[in-house]
There are 2 protein chains.
Amino acid sequence: MNIKDIAKISGVGISTVSRVLNNSGVVSDATRARVLAVVKQHNYVPNSNARNLKKTQSNTIALMVKGISNPFFANMIKEVERQVHLRGCPLMIQHVEDGVDEIAAAMQLIKEKNLCGVIFMGGTYDHSEEEFRQLGVPFVLTTITTLKEVDPSAYSSVSIDDVKSAYKATSYLISMGHRNICFLARFPFRENTIGSRRLLGYKKALEEHGIEYDPALVEDCEYAPSFGFAAAKRLLNKNLGVTAMFAASDAIAIGAAKAVLSSGLSIPGDISVVGFDGIEMAEYYHPSLDTVSQPGVEMAHVSVEILFDLIAGETTNRHVVFESMLVKRGSSRKVN
Amino acid sequence: MNIKDIAKISGVGISTVSRVLNNSGVVSDATRARVLAVVKQHNYVPNSNARNLKKTQSNTIALMVKGISNPFFANMIKEVERQVHLRGCPLMIQHVEDGVDEIAAAMQLIKEKNLCGVIFMGGTYDHSEEEFRQLGVPFVLTTITTLKEVDPSAYSSVSIDDVKSAYKATSYLISMGHRNICFLARFPFRENTIGSRRLLGYKKALEEHGIEYDPALVEDCEYAPSFGFAAAKRLLNKNLGVTAMFAASDAIAIGAAKAVLSSGLSIPGDISVVGFDGIEMAEYYHPSLDTVSQPGVEMAHVSVEILFDLIAGETTNRHVVFESMLVKRGSSRKVN
DNA sequence: CTGGTCTGTCGAATCGTTTCGATACACATC
DNA sequence: GATGTGTATCGAAACGATTCGACAGACCAG
């Protein structure tokens, strides 16, 4: 069942059917009604391959996400899907494995599928401005850090201020009298990853309060409970008199909290714990975990909005920085 | 840059380029090498819209998932993505909102995009055999229950035995002396949802051990911590002398555990808690939660395998039922 | 030398759309 | 009656791939 069949059955020309379906050009009401009736009756759905081929562009959006099983991303992905869908566009979600070049992967998809836009989510990108420009379609970087210096006019982004957010959490702990605060995050050996940015905020807070930075208090760990657990165990074994832990994600914080509790220590009695992200599970942990919460769903929403603005012809790129929020639930307390 | 350009630059015919790219037909080694060099040099990627149009079928797979933000699905989705990707096929992930007809949505995508296969994940389907047959492409139902009786030869599926799994968990609690065991799950007013199947297993275990089924011990609640929390609160307020809680998902169990702990009761001292699914967070909860674990990643893997077998021409549908595993971690204990 | 087979290649038709230029008719204007 | 201006429609040429039938040359057999 193709447009030709519909045309024949409706007794009109092919182009008339096309104009009806696309609401383009003029068609008399009578003809329109007749065509639509036939379309509905036969459950006709236009073939998007043919359409995209002819138009040399599709309405498909791709979401390239690093860490698709990260619980913080789960709700963001859902929101992206919802918003894109709402605008009548199909969405392709592609998980980007560690070590693959996100831009190259997107590039391939763009050429292959004539994508009309891309959202990149999560990770640290090591690409030059030139590489971004070569994409050739609108795109948004959501919760992504870039290693190379890239002209802000060359891309759009949605993020929070990681340095400031980590500073906030650390200052909060310091204000409650903590001096030996450890920090758990993932930092590969390079600058400007999410982890290193948060480390920067952590250091800054220490410095401003005259506390010397001690590398022994910092543990490298992936964004998952099992790694947080192991890292916290290592730290506790060092016997450094830690009274507070700040984790760069709630998943880490949950693992770390488990390590603390299963060592027979209490939270916040012996050790205060603060996480990052604001996932639902952290709230229902016992004790409920304090965290620096990112407005993930809104961030996803705005990402889609920016993308569609760009697709609609908007030429100036936007950079939206959301405010993170320190959520106090009782997993930290004052010490003297 | 299209196939014509590549042909011209390579000094060969269009069809020769096509045969090189598809490894079809005979091409001399010299010609093949020359064409491939040109392809690489110009970063040429064939346009899949044109290809799919001509072939009247694409290699795209769709994943229709109900509850995309469910943490149990997160790893499954990742695995599906990985496996499909590994086979060189693009994946479209579509979240199915409550109340939309999954099959109709898939049908539309299939016609529109000439999909070559679909995986349906999660939810309860109210479709007739006829509707499944109309899909016209291979598909697999993963962790899905069907309301209507459907001939098993008409579809493939991957699942666990929900009745048996719930029976296992309930029997475990009973064997430790519990009599007042409550059950938390989502059951709309119909048979054969995941929730009602697990309820069946719960009832069966009670019955076999001569414990009368008390509807007051069953609470309806969505698969998320906040709902589990509220449901458990309601239960505790009834003062029914509950000593154990069995939740139909770990997310519910975590919420319920929070309710128990924040009421000043202890787990497993006062109340034993058993969840369902086997998500990582449940293990890192404190106390670590006992659960009936489903091998989600394997289930996803097998789903993709079955799907590709069907696409490859396999004509008999398969139904793989995985064994769930009772994981004891210490959130339940003996009572007398 | 003729005819047959094999190898490597090519051109053209085709997939199902969109869209541009053409056309046909009705009606008004001069 | 010739001309102009809408309005509603149509046909045909694309879009970029695949694939089938055709064909040229090499080689061998008779």
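Quick note on labels: first sequence line is chain A, next is B, and so on, each numbered from 1. Computed over heavy atoms, backbone and side chain alike; hydrogens, waters and symmetry mates excluded. Because the structure is predicted, anything quoted here is derived from the model rather than measured.
- Heavy atoms of B/Ile14 sit under 4.0 angstrom from at least one base atom.
- Counting any heavy atom pair closer than 4.0 Å across all strands shown, A/Asn22 reaches sugar-phosphate atoms only and no base atom.
- Among the heavy atoms of the strands lying under 4.0 Å from A/Ser28 are primed sugar atoms or P, OP1, OP2 only; no base atom is included.
- When the P atom of C/dA13 is taken as reference, atom CG of B/Leu53 falls 17 Å away, rounded to whole Å.
- Of the candidates C/dT19, C/dG8, D/dT18, C/dG8 carries the atom nearest the B/Val26 side chain, counting heavy atoms from C-beta on.
- When the side-chain nitrogen and oxygen atoms of B/Tyr44 are compared with OP1 and OP2 of D/dA17, one or more of them lie within a distance under 4.0 Å.
- The CZ-P distance, from B/Arg19 to D/dG21, rounds to 15 Å in whole Å.
- With a 6.0 Å radius and a threshold of 12 heavy atoms from other residues, nucleotides or ligands, A/Asp29 has its CG atom at or below the threshold.
- In this entry the distance linking CG of B/Asn47 with C1' of C/dC15 reads 13 Å, nearest Å.
- Note on ring orientation: taking the six-membered ring where Trp is involved, the planes of A/Phe132 and A/Tyr125 are parallel (angle under 30°, cut-offs 30° and 60°).
- The phosphate of C/dT17 (OP1 or OP2) has no side-chain N or O of A/Ser18 nearer than 4.0 angstrom.
- Taking atom CG of residue B/Leu21 and atom P of nucleotide D/dG16, one finds them 15 Å apart after rounding to whole Å.
- Residue B/Asn49 is out of contact with every strand shown, counting any heavy-atom pair closer than 4.0 Å.
- Ionic pairing of B/Arg82 and B/Glu79 is present here: one or more N-O contacts between side-chain nitrogen and carboxylate oxygen are shorter than 4.0 angstrom.
- Across all strands shown, B/Thr56 has heavy atoms under 4.0 Å from sugar-phosphate atoms exclusively, and none from any base.
- At the heavy-atom level, B/Val27 lies under 4.0 Å from the strands shown only through sugar-phosphate atoms.
- Look at B/Lys78 and B/Glu81 and you find no salt bridge, because none of the NZ, NE, NH1 or NH2 atoms lies under 4.0 Å from a carboxylate O.
- The residue B/Thr31 sits close only to the backbone: its heavy atoms come under 4.0 Å of sugar-phosphate atoms, none of a base.
- Regarding contacts with the backbone of D/dT19, every side-chain N or O of B/Ser15 stays at 4.0 angstrom or more from both OP1 and OP2.
- Using modelled atom types and a 3.5 Å distance limit, the side chains of A/Asn114 and B/Asn47 yield a donor-acceptor pair.
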